[in-house]
Amino acid sequence: FPSTHNYALFILASHSRRRQGMWANNGADGCNYSSNYTDWSGSPNLIAIDSLCKDTFGTVVTTEQQCMACDRCEQEDCLKSLPGCEKFLSTLYDSCTQENKGENEG
């Protein structure tokens, strides 16, 4: 992707990771957490995600809320309203692919 912004928009469009108040690495939709943010089984490493969150958004009390809000964004306006959200998503999700359906595949 030519920029962090473009990759973050792609993540928003293709990934159904949003589960209120929980971190879930749902690779079934083509997006996966970076191995830096998962444990040996592929489950979210909450300590590492918290560290990324604080590094990206600062150490304020609402940091976790900001990270969850960023992860739940579904529109570009939301992404823009949370400074650091693009960087957070682009770092957390290191691979994200989308399968294109053919004309006859509905």
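Just so you know, these numbers use all the heavy atoms, side chains as well, and skip hydrogens, waters and symmetry mates.
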**OP:** Quick one: closest heavy-atom pair of Phe57 and Cys67, and the distance?
**Re:** CD1-SG, 3.3 Å
**OP:** Evaluate the side chain to side chain contact (heavy atoms under 4.5 Å, CB included) criterion for residues Ile49 and Tyr33: first the C-alpha distance (whole Å), next the side-chain angles of each, then the deciding distance (0.1 Å), finally the verdict.
**Re:** CA-CA 10 Å; Ile49 293 172; Tyr33 287 170; 3.9 Å; yes
Original post:
Would the SG atoms of Cys85 and Cys70 measure under 2.5 Å apart?
Top reply: yes
**OP:** State the NZ-CD distance between Lys80 and Glu86, to the nearest 0.5 angstrom.
**Re:** 8.5 Å
Original post:
So, Ser43 side chain and Asp39 main chain: donor-acceptor pair closer than 3.5 Å or not?
Top reply: no
Subject >> Inter-residue atom distance Phe88.CZ - Asp55.CG, 0.5 Å rounding >> reply: 10.5 Å
Subject >> Euclidean distance, Ile11 CD1 relative to Asn6 CG, rounded to 0.5 Å >> reply: 11.0 Å
Subject >> Separation between CG of Leu9 and OG of Ser90, rounded to the nearest 0.5 Å >> reply: 9.0 Å
Original post:
Of all heavy-atom pairs between Cys73 and Leu79, which one has the smallest distance, and what is that distance?
Top reply: SG-N, 3.7 Å
Original post:
Rounded to the nearest 0.5 Å, how far does OG of Ser51 lie from OH of Tyr37?
Top reply: 7.0 Å
Original post:
What pair of heavy atoms forms the shortest contact from Leu82 to Gln66, and how long is it?
Top reply: CD1-O, 4.2 Å
Subject >> Main-chain N/O of Lys87 paired with Thr91 side-chain donor or acceptor, under 3.5 Å >> reply: yes
Original post:
Would Tyr93 and Asp71 count as having a side-chain donor-acceptor pair, cut-off 3.5 Å?
Top reply: yes
